[in-house]
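Worksheet: one structure, shown below.
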Number of protein chains: 2
Amino acid sequence: MVARRITIVDVARHAGVSTTAVSKVLRNAYGASPAMQTKVRAAIEELGYRPSAAARGLRGRTYTIGVLLPDLGNPFFADILAGIGEPLGGTDYQVLMASSCNSQAGEARLTEAMIDRNMDGLILIAPVSSRRHLQNVARTVPTVVVGRHGHSPDYDTVADDDFTGAGLVVDHLVGLGHRHIAHIEHRETDPERLREMPNARRADGYRHAMQVHGLADHIDVAATTYTREGGYTGARQLLSREQRPTAIFAGADIVAMGVFDALTEAGLSAPGDISLAGYDDTAFASFGPISLTTVDQAGHQMGADATRLLLGRIEDRSRPTAQVRLSPTLVTRRTTAAPGTPG
Amino acid sequence: MVARRITIVDVARHAGVSTTAVSKVLRNAYGASPAMQTKVRAAIEELGYRPSAAARGLRGRTYTIGVLLPDLGNPFFADILAGIGEPLGGTDYQVLMASSCNSQAGEARLTEAMIDRNMDGLILIAPVSSRRHLQNVARTVPTVVVGRHGHSPDYDTVADDDFTGAGLVVDHLVGLGHRHIAHIEHRETDPERLREMPNARRADGYRHAMQVHGLADHIDVAATTYTREGGYTGARQLLSREQRPTAIFAGADIVAMGVFDALTEAGLSAPGDISLAGYDDTAFASFGPISLTTVDQAGHQMGADATRLLLGRIEDRSRPTAQVRLSPTLVTRRTTAAPGTPG
DNA sequence: TTGAAAGCGCTAACAT
DNA sequence: ATGTTAGCGCTTTCAA
């Protein structure tokens, strides 16, 4: 009932050549005459042969790249994914993704699963694992880490300059006349993550920019999480301050979404009652009724760069690692205005 | 430099048994005494052995389930994904996803890629491929199709009762006093898809419900696509009608998002100027400033049911196919009100 | 340039 | 209950 799959043996027989010859043509390897190539390709075509990636993996490559996402709910990752796919057009590589649910355990399980499935390379997006774990992964399989700072001799990195990006937001708000600018950050205590995670760099950038503007006394941070719930909780904290901020810089658009939930609940609006800025420039930010001021960190390009680095590392595992740092840009929309501007 | 991977041979040697014995323990297969089990498990533990899914796949299973998503931008799919993972906890199965970019070519390429990688089973979410292609896939590998109607002897299906769901929305709007209720649908011409695609069923449900309420003359459909752009375009069409509708039923929340874009642009709001309902009950719908009336189609449960059906089919490929039909429920929020209600 | 033959790590018949 | 052996479909030496 189920048709037997066409194998390389069938192709070889059909073309009247050896399986070795077919293999060489498949891989564009050295040692196949034009005549041989033609013959083999014709046989492949006629038989509708497709190589088994699983079997190939046992000796050579699986032509599979694994992408680890923290979660699917955050629309920012869709941008990165689109970028990742771009340089792969026209190659035999396929991208397979998995979501780690933002947990160290999940990341460990999934990186192992991808290694066990002989993937040729891994792209880890904003991983929360320890540096040690990342190194172990990278020593086993070519790896690129996206959205996390810190050099490594074992993996390449692509990240946005989050420190500067946060500064852009503060500069913008100060320029509008704000002084009480609060920030909602993702709570971080681990010293390693404090150095490497984008959220920590943004919080640092916020603090630094406030100081530069002589507003050190007005630094006000609500430490929650980079989720919609975190934004809601953080905003409630900030709104109940004795000295309520006139502007909130949420560390991510998804956080700003939660801030909006809290504002709505409190009968407030942005920018009428309070200015609000996010980070990531997700599709949500450009949404008409919201029109969120945010920071574009070029997710698409981050993804494309990551793929290019990975393909390079797959070809040559010993080449020195690279660190790509992308410059963010401010996207001014309608949720930020001078304090006291009527809604 | 790169440590050689531990194989089943290492484990066998370490435990002083045959590789067959180890294999049996790994698979909980018949023919391994408790003593043997203990010995082997200890060796596995000590050596930190993990089986190569790739190698296993060549003979048995890869313990990998492939999920095909139309796109990552639509937050509804995150719900389904969460549901898919649920019954897999505690098993050796891993879920690997890929996004087909909503194209037939993409779906064909990715289903092939998953088959070439020896996946044990496939879950196809709202596929746009021809029924013929789906059958071919399902005859090659156990397959469950989610979010698409139509029986098949080869694959199981899980779908929401979209026809009824659309009726719920119309009933609600009519109950509020609306008569000019318009619908934005995903344009469909292919007769097969007209029968099977959820969007077509929703459009049918809308038309049918309008007739039941004696509003056949007020049926008004803008045919675009189930995207934010489609919602925007459709809304612009509807807003420029001589007889402007007092309510719009968008076929999906993501479409409603585009409608909001258009409303904002036109200086209108919901429900003040026009009532608006969506479909899917995504995270976006519950967003405070929006609070969209919509239909909950229990994405989580759809995913969980799909996985259970798939696991069953993997165990027994010859069992008859099942069709699970889930009942949608209306989620009333703040974008719908009686016509003429002040915003 | 071509092909024969030996594996990759595992599972499944088939002994014992 | 345990082990021996032959593959799964491919790639990679290594001869010819």
Side-chain angles (χ1 to χ4, degrees), chain A residues 2-40 43-44 47-64 92 112 115-120 140-141 314, chain B residues 2-40 43-44 47-64 92 112 115-120 140-141 314:
Chain A
V2 178
R4 193 182 60 78
R5 208 185 147 96
I6 307 287
T7 75
I8 199 171
V9 178
D10 301 316
V11 176
R13 189 159 31 210
H14 191 87
V17 301
S18 70
T19 59
T20 309
V22 179
S23 175
K24 280 177 179 162
V25 173
L26 284 175
R27 291 171 293 121
N28 293 312
Y30 177 81
S33 64
M36 171 72 85
Q37 304 234 11
T38 317
K39 246 195 312 191
V40 171
I44 289 177
L47 265 40
Y49 166 75
R50 293 200 318 267
S52 154
R56 295 178 99 167
L58 234 45
R59 296 291 302 210
R61 303 184 176 176
T62 53
Y63 296 92
T64 309
D92 284 344
E112 285 184 354
I115 290 168
D116 296 345
R117 282 156 184 77
N118 277 21
M119 296 202 172
D120 296 336
T140 306
V141 56
I314 289 173
Chain B
V2 178
R4 193 181 60 80
R5 207 184 147 97
I6 308 286
T7 75
I8 201 172
V9 178
D10 300 315
V11 176
R13 188 159 31 207
H14 190 87
V17 301
S18 70
T19 58
T20 308
V22 179
S23 176
K24 280 178 179 162
V25 173
L26 284 175
R27 290 172 294 123
N28 293 312
Y30 178 81
S33 64
M36 171 71 86
Q37 304 232 12
T38 318
K39 248 194 314 192
V40 170
I44 288 176
L47 267 39
Y49 166 77
R50 293 200 318 268
S52 154
R56 294 178 100 166
L58 234 47
R59 296 294 303 212
R61 303 184 175 175
T62 52
Y63 296 93
T64 309
D92 284 345
E112 286 184 353
I115 290 168
D116 296 344
R117 281 155 187 78
N118 277 23
M119 295 204 174
D120 296 336
T140 306
V141 57
I314 289 173

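Here is how names work: the chains are called A, B, and so on, in the same order as the sequence lines, proteins then strands, and each is numbered from 1.
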Discussion item. Classify Ala54(A) by what it touches in the nucleic acid, base, sugar-phosphate, or nothing, heavy-atom distance under 4.0 Å.
Written reply: nothing
Practice prompt. Decide yes or no, distance alone: a donor-acceptor N/O pair under 3.5 angstrom between the base of dA4(C) and the side-chain of Thr20(A).
Written response: yes
Fill in: Any donor-acceptor N/O pair under 3.5 Å between dG7(D) base and Arg59(B) side chain
yes
Discussion item. For a quick check under 3.5 Å, do Arg117(A) and Thr64(A) share a side-chain donor-acceptor pair by atom type?
Written reply: no
Practice prompt. Indicate, with a heavy-atom threshold strictly under 4.0 Å, whether Ser52(A) touches base, sugar-phosphate, or nothing.
Written response: sugar-phosphate
Worksheet item: Given dG9(C), is OP1 or OP2 found less than 4.0 Å from the side-chain N or O atoms of Thr7(B)?
Response: no
Fill in: Rounded interatomic separation in angstrom, taking OH from Tyr30(B) and C1' from dG3(D)
16 Å
Worksheet, complete the sentence: Of Leu58(B) and Lys24(A), the one whose nearest nucleotide on DNA chain C sits closer to the 5' end is Lys24(A)
Discussion item. Five pairs per end, C1' atoms only: what is the angle between the end axes of the helix from dT1(C)-dA16(D) to dT16(C)-dA1(D), to 10 degrees?
Written reply: 40°
Practice prompt. Nearest whole angstrom, please: distance from the C1' of dC10(C) to the CG of Asp92(B).
Written response: 15 Å
Fill in: Phosphate OP1/OP2 of dT2(D): any Ser33(B) side-chain N/O under 4.0 Å
yes
Worksheet entry | Under-4.0 Å salt bridge between Arg61(B) and Asp92(B) | no
Worksheet item: Any donor-acceptor pair under 3.5 Å between the side chain of Ser18(B) and the base of dT4(D)?
Response: no
Discussion item. Any base atoms under 4.0 Å from Val22(B), or only sugar-phosphate, or nothing? Heavy atoms, all strands.
Written reply: nothing
